Structures are given as C-alpha cells and as structure tokens.
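Here is the structure we will look at.
In what follows, every chain begins at residue 1, and chains take the letters A, B, ... in the order their sequences are listed. Please read all numbers here as calculations on a predicted model, not as lab measurements.
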Amino acid sequence: MKLLTHNMLTSKCIKGVSVGYPLKINASDVKETEIDFNPEFVSKMIPKLDWPVLYEAADSLGKVGDLPKNIIENFENDEDFLKKVHHIMLEVEIVNGNLICPETGRKFPINNGIPNMLLNEDEI
Amino acid sequence: MDQSNLSNQKLKKIEKKLRKLQHIVLKETGVECSINKPTNILVIANAGLINGLTEETVLEHFSIYGTIETILLIPGKSCCFIRYSDELSAIKASENHNGTLNIAQNSKPIYLLYATSLPNNEDDAINEETVPGLVIFEDFITLEEEQKLLDLCDFESNSDVSHMKNRQVKHFGYEFNYNTNNVDKNQPLTEGIPEECNFWNRLDNTAFKSFIPDQLTVNHYLPGQGIPQHVDTHSAFEDPIMTLSLRNPIVMEFKNSYKHVSVLLKPRSLAVMSGECRYNWTHGITPRKCDMVHTKTGDVSFQRDTRVSYTFRKVLRKPCECMFKTNCDSFKESIEKLRSNAPELEKEHVHKVYEKIAGHFDSTRHKPWPNVVEFLESFETGSIVVDVGCGNGKYLGLNKGVFNVGCDASLNLLDICNKKGLEIFAANCLKIPIKDNCVDGAISIAVIHHLANDERRFSALEEIARILKPGGRALVYVWAKEQEKDQEKSSYLKQYRNNKTPQAAGEASVSNLPIHVNRTQFEYEDLLVPWKLKRSNESNKSNEPNTFLRFYHVFHEDELKELCEDIENIEVIKYYYDQGNWCSIIRKY
Ligand SMILES: [Zn+2]
C-alpha cells in the first residue's frame with residue numbers, strides 16, 4: 001500500500017466512528033519501489049493531499065528524510081521537492097502490518113501489500 | 001327476410017354502409033372483402049367480441065343454413081368471421097340476415113360481407129393446438145363406476161353441498177377455498193376421499209403412477225354455469241391435478257399469455273394437468289349453454305347438459321419448487337425474503353463464488369470495454385480515480401497520468417491485481433473506506449447488479465457519490481434485462497450455443513431464485529447465473545462442484561437512471577446502453 005492511498009483511507013465506515021482519520025500505521029515490513037517520475041502529476045497531486053497526514057505517515061515509517069514539514073512555496077518549479085514527494089507518496093509501500101482506527105483501535109491488517117478494510121456484520 | 005322484399009332505397013343504404021365497412025374490415029384484419037362476390041366465408045362487419053357478440057348468438061342464427069367450419073371472434077375487434085363448408089350456405093345466410101338481423105350493438109342490424117380468407121390470427125389455430133402438460137385418458141372409468149360416483153353426491157337432494165354463484169360444490173379431505181384458491185392445511189375434513197375413487201393403479205404404466213390424492217372437490221355444473229379462469233395455487237398442491245368428468249361433455253378453456261386452447265372433456269375421461277399446464281396455464285369453463293367442438297368434418301355445436309366433475313389433488317407440505325415462477329406464490333414469497341436476507345444471499349452467491357472462480361474469471365476478462373476506457377481517459381493528469389469493484393483490475397492503470405486505486409470484496413481477485421502491480425485494498429462497495437469529497441473520478445463496472453435489493457443498490461450509488469469531490473464524475477455499468485436493443489442482440493446473447501441446458505446448482509442455495517440459462521434473454525429480474533468453472537487438470541480430480549451460481553439483479557431500461565437521480569447533489573450527465581448494460585455517468589455538484 002502506497003502512502004497516497006493511506007492519505008485517503010478512513011475507518012468512518014465502522015458504526016459509531018465519527019471521523020476515523022487518519023488511520024495509524026503499524027508496519028512490520030516496508031519496501032521501496034521505483035516509479036517513473038512525472039512532475040506534472042506530482043504538482044497536481046500536492047494540493048489534493050492532506051500534507052500533515054502524509055508527513056506523519058512517512059515519519060512513522062522512518063522514511064521522512066529531509067521532507068519539509070510544510071508544503072513549500074512555488075513547489076511546481078522545485079524538482080528536488082517534487083521528487084521527494086514522489087518518493088514518499090508513491091515509492092514507499094507498506095507490505096505487512098496494520099492500519100488502526102484512531103477512535104476504536106480496530107486493526108485492519110495489511111497482508112502482502114493489500115489492506116483489508118472489510119468489516120464484520122456487527123461493525124456496520 | 002328476403003332481400004328482394006327490401007325497397008330500392010333501403011338496398012342503396014345497405015350498399016353504402018357495406019362499402020364503408022369493407023375498408024374497416026380490411027384495416028382491422030387485413031382481409032379483402034366483397035359485397036357481391038360470394039365465397040364460403042361471411043363476415044359480420046359491424047359486430048364482434050367488443051360489441052358483446054357471442055359464439056352462441058352466431059351459432060343460433062347462422063347454423064341453420066349449413067355446416068359451420070369456424071366461427072372467428074377476434075379479441076378487440078368489431079367483426080366476426082363465419083366459415084361455412086360451402087358457398088351456398090353463406091349465400092343463403094347473407095340473403096336472410098344482411099342488414100336485417102338485429103344482433104349488433106343496441107339491437108342494430110348486422111351487415112355481411114364475403115371474405116376471401118380468414119385473417120392471419122394466432123387465435124385462428126387455437127383448437128389445433130395442444131396444452132403442454134395436459135394429458136387426457138378417455139374412458140378412464142366404466143359406466144357403472146360413473147353411476148356409483150354420481151350416487152355418492154346427490155346434488156338434487158343433498159344439503160351438505162355449498163351453492164356457489166355458478167355451481168354446486170362438495171369437498172372431501174380438505175376444503176378448497178375458491179376465493180383464495182387454497183386449502184387450510186391444518187383443517188382436514190372429517191370425510192376423506194371415498195373409497196370408490198381408488199382407481200389410481202390404472203395409471204401404473206404412465207408417468208403419473210404414484211399419484212395418491214388427499215383432497216377431492218366435486219363440482220356440479222348446470223347448463224349456463226361455469227368457473228372463472230384460474231391457476232390452482234402453487235403452494236397448495238403438488239403436481240399433477242386430475243379431473244374426472246361425469247355425465248355430459250363440456251369444453252374447458254386453457255389460456256396462457258399467448259395462447260388459448262379449447263379442450264373437450266368427455267364423460268368418464270380423466271384430464272391430468274401437470275407441469276406447464278398445472279403451473280403456468282389458467283383453466284376455466286365459460287358460462288354458456290352450448291359448446292362447439294372441432295371435428296374432422298367441421299364444427300359441431302352441442303347443447304350443454306348437467307356435468308359433474310371430480311377434481312383430485314394432493315396437498316403440498318412444503319414451498320413450491322416449480323420452474324414456472326410467473327404464477328408461483330412460493331417464488332414471490334422468496335423474492336420478498338430477499339429484502340431481509342440480502343447480506344446472506346450476497347455472501348453465498350456473490351462473495352463466496354468470486355473467491356472460488358477468481359482464477360478462471362481473470363482468464364476470461366482481459367478486454368476493456370472501449371466506452372469505459374474513453375471515460376477513464378477523460379481525466380486530466382494528477383486526478384484520483386477509484387475503481388469500486390475492480391475485479392481482476394482490467395481497468396486499473398490504463399490512464400498513466402492518474403492515480404488509480406481499486407477495491408473489491410474478493411481477496412483472491414485482489415491477489416491477482418497485486419501480482420499485476422496494481423494499487424488496491426479490500427472493501428465492500430456498501431462501505432467504501434475513503435474520505436468524503438476526496439476523488440476526482442470513480443467507476444463501478446458490473447458490480448451493483450450483485451446487490452440483492454433496491455435499498456442496497458441505492459446505498460452503493462450513494463457511497464460512490466459521497467467519495468466524489470464536487471465536480472467529480474463516476475461511470476456505473478449494470479447488466480440490462482434487455483439483452484436486445486434496436487433489433488441488435490448483445491454479445492452475451494450472440495455467444496449462445498444451442499447445447500445449453502439449465503445447470504444444476506453447485507451448492508445448496510439459500511434462496512428459491514430462478515436459475516438463468518446462460519446466453520439467453522432474461523426472464524426474471526432477480527436470478528442466479530451459473531458460472532461453469534474450468535479447473536486445471538490437477539485440481540479437477542477433487543470432488544468439488546464445478547458450477548457456481550452468482551446472484552444478479554438485471555436492470556430494466558430506466559432503473560439505474562432513476563436510482564442515480566434520487567441521490568442528493570448528483571446529476572446524470574449521460575445515460576446509455578452498451579452491449580447489454582445500462583450505463584450512467586453522474587456528476588456531483
Ligand atoms: Zn410454483
């Protein structure tokens with residue numbers, strides 16, 4: 001699972017959970033892959049991100065490196081910054097671990113890169 | 001009255017009238033008629049079924065001129081065809097009745113023309129047709145046995161018979177309620193079926209050999225009495241139902257949506273209604289005083305006389321499991337149950353099935369549909385597009401400029417996506433774990449038709465709408481009930497091979513839903529569609545079943561559109577039919 005996906009996921013679908021965001025990450029296995037860099041794609045994606053959540057996620061995996069805590073000005077023209085974001089958002093992947101609902105502590109297992117967000121009947 | 005006695009003025013008036021009627025008959029029936037070129041077919045040009053004209057009236061006035069071969073009263077038409085065996089009879093009838101016999105509406109005179117042929121009407125052939133599942137054993141009992149049965153129920157003096165509007169009735173075993181067409185299975189009568197009726201071993205060499213009825217209704221019909229068309233309630237009785245006719249013949253009418261067959265029931269004959277006849281055709285007796293039968297030499301009419309019938313049935317102790325769902329009360333009940341047990345049904349007939357067929361499913365699903373690809377390509381670089389119910393991922397990653405993420409409830413299908421390097425997560429389309437107002441686009445291709453009731457299908461669409469950003473668009477495909485549009489068959493139908501037979505269920509079904517024959521038109525909205533699994537040689541040795549049934553709700557023309565239009569903040573910007581699917585593009589505002 002990419003951190004870009006994590007940036008969108010919520011456990012609000014559990015009965016009684018009001019926000020369910022962001023999901024905490026407990027990773028046992030993380031990998032880094034290589035994805036073609038597309039500066040236009042990254043520039044367009046940045047405003048759509050919940051930046052603090054991405055930063056926090058990267059930090060919790062120990063992958064934050066020198067990524068700035070806040071989005072920089074004129075990022076469209078800063079290829080170095082765009083590459084860092086590209087790496088964090090698309091190339092860092094959680095292979096095994098858990099996503100955890102911030103309100104109930106419900107664990108959603110990630111196995112072989114696939115988060116299992118299916119709910120039991122008593123949770124809906 | 002002879003026409004020569006009519007005044008010239010009157011004759012002119014009749015001719016003028018006839019000329020007008022010639023056109024009307026041609027327009028209504030496509031049959032060319034003539035005023036003065038005789039044939040053996042007469043047309044009453046201004047009276048028919050819709051004016052209240054009956055076969056009986058026609059017979060009364062026209063049978064005295066010769067042998068009538070056919071009387072054709074066409075539903076919804078104001079004309080009637082009478083075919084004599086010879087031209088002379090037709091001429092004589094016309095000379096006597098044209099413009100002078102007052103049997104048209106409001107006792108107006110009828111006008112007669114000569115027709116070149118009978119209209120090409122389906123009903124035309126009714127009496128040559130047979131009713132599937134109806135078998136008649138003539139002389140099933142002897143004259144002596146008939147008398148014994150008649151003595152059992154003396155309708156003239158007996159007080160324990162009920163007098164219904166149209167006839168007298170007596171019950172044995174259980175009381176058959178003609179208002180509900182059902183029996184109270186918990187209220188057996190003290191009087192069982194009389195032992196005089198124990199002649200069932202005569203059916204030993206037939207398909208009905210183990211028939212032991214426990215319910216008997218005796219009906220007593222006087223001339224002019226009848227019984228309305230009805231189907232004996234499916235859940236009330238087993239298949240077959242048998243009727244023994246006593247004393248005098250009568251014509252029974254059998255009807256389904258397309259056909260009408262009149263069948264002569266002779267005294268001492270046993271009519272066995274089974275299968276299609278028992279479940280899908282109505283039967284009844286028209287209240288009238290004379291009947292007509294078709295014989296090789298032509299039609300013969302006869303006056304009715306008292307007829308007694310013994311109808312034997314066996315009470316059904318469980319829900320009906322027939323194949324004829326249209327008239328099946330047990331089936332209707334099970335559809336009602338879908339409302340409450342939808343999650344269970346989806347688990348059994350959607351989720352579990354996809355887990356089992358994932359590999360084979362993947363090998364059959366690689367070609368993306370062009371209109372879906374076009375939609376995906378309409379998103380600009382940097383868009384987020386979610387595939388709800390992504391299956392084997394064939395629509396993921398087609399547009400390289402967007403971030404595509406898929407979700408599905410089948411872990412085995414997700415494994416297949418994962419091996420293709422696609423970004424996915426497991427989720428049910430009713431609970432998408434994505435933030436509100438988050439994505440630029442969504443697709444849901446062939447997913448929502450797997451949800452078992454209307455509320456759930458609507459919720460799934462609302463869920464897609466919820467995750468869309470304002471301005472975001474989604475494309476939804478569902479299977480259409482209509483598999484043929486503008487005379488073009490869908491590719492699903494085109495692949496029909498003639499060797500298909502309904503396949504047995506691979507697993508015990510949680511419902512009583514109809515099982516669809518693949519590559520044929522849909523007869524029902526909610527149904528199970530078989531998936532025949534091709535296994536690799538190795539696993540083929542196992543005893544696991546090879547056929548799995550997937551639940552589908554197939555959508556009628558406007559159904560998806562109407563659901564989408566009911567969602568808040570959603571407009572339908574395009575609605576179309578694509579290869580057997582109804583497709584909707586929606587936008588959030
Ligand atoms: Zn039935």
Heavy-atom closest pair, residues Met117(A) and Ala427(B): CB-CB, 4.4 Å
CG-CD1 distance between Asn7(A) and Ile384(B), expressed to the nearest 0.5 angstrom: 8.0 Å
From Glu380(B) atom CD to Lys44(A) atom NZ, the distance as rounded to the nearest 0.5 Å: 4.5 Å
Audit row: Asp440(B), Lys48(A), side chain to side chain contact (heavy atoms under 4.5 Å, CB included) steps and yes/no: CA-CA 10 Å; Asp440(B) 302 287; Lys48(A) 297 178 182 180; 2.8 Å; yes
Test: Lys400(B) and Asp36(A) ion pair at under 4.0 Å: no
Chain A contact via Leu411(B) - side chain, backbone, both or neither, heavy atoms under 4.5 Å: side chain
Gap between atom OG of Ser11(A) and atom NZ of Lys431(B) - 0.5 Å precision: 12.5 Å
Interatomic spacing from SG in Cys438(B) to OH in Tyr21(A) - rounded to 0.5 Å: 7.5 Å
Atom pair CD1/OG1 of Ile434(B) and Thr10(A) - distance to nearest 0.5 Å: 10.0 Å
Any donor-acceptor pair under 3.5 Å from Glu40(A) side chain to Gly382(B) backbone: no
Among the listed options Val386(B), Ile424(B), Val405(B), the residue most often paired with chain A at heavy-atom distances under 4.5 Å: Ile424(B)
Asn116(A), part contacting chain B, at a heavy-atom distance under 4.5 Å: both
Approximate separation, where rounding is to 0.5 Å, of Leu414(B) CG and Leu118(A) CG: 8.0 Å
Which portion of Leu90(A) sits near chain B, non-hydrogen atoms under 4.5 angstrom: side chain
Under 4.5 Å from a heavy atom of chain A, the part of Val439(B) involved: side chain
Structural part of Glu463(B) lying under 4.5 Å from a heavy atom of chain A: neither
Lys420(B), NZ atom: more than 12 neighbouring heavy atoms under 6.0 Å: yes
CD (Glu32(A)) with more than 12 external heavy atoms under 6.0 Å: yes
Residue Glu565(B) excluded, over 12 heavy atoms near CD under 6.0 Å: yes
Side chain to side chain contact (heavy atoms under 4.5 Å, CB included) assessment of Phe403(B) paired with Met8(A): CA-CA 12 Å; Phe403(B) 180 65; Met8(A) 307 192 292; 4.1 Å; yes
Shortest non-hydrogen contact between Lys12(A) and Asp436(B), atoms and distance: NZ-OD2, 3.0 Å
Heavy-atom side-chain proximity of Leu119(A) to Asn428(B) below 4.5 angstrom: no
More than 12 heavy atoms from other groups under 6.0 Å of NZ on Lys84(A): yes
Shortest non-hydrogen contact between Phe425(B) and Ile114(A), atoms and distance: CA-CG2, 4.2 Å
Shortest non-hydrogen contact between Glu121(A) and Lys347(B), atoms and distance: OE2-CD, 4.4 Å
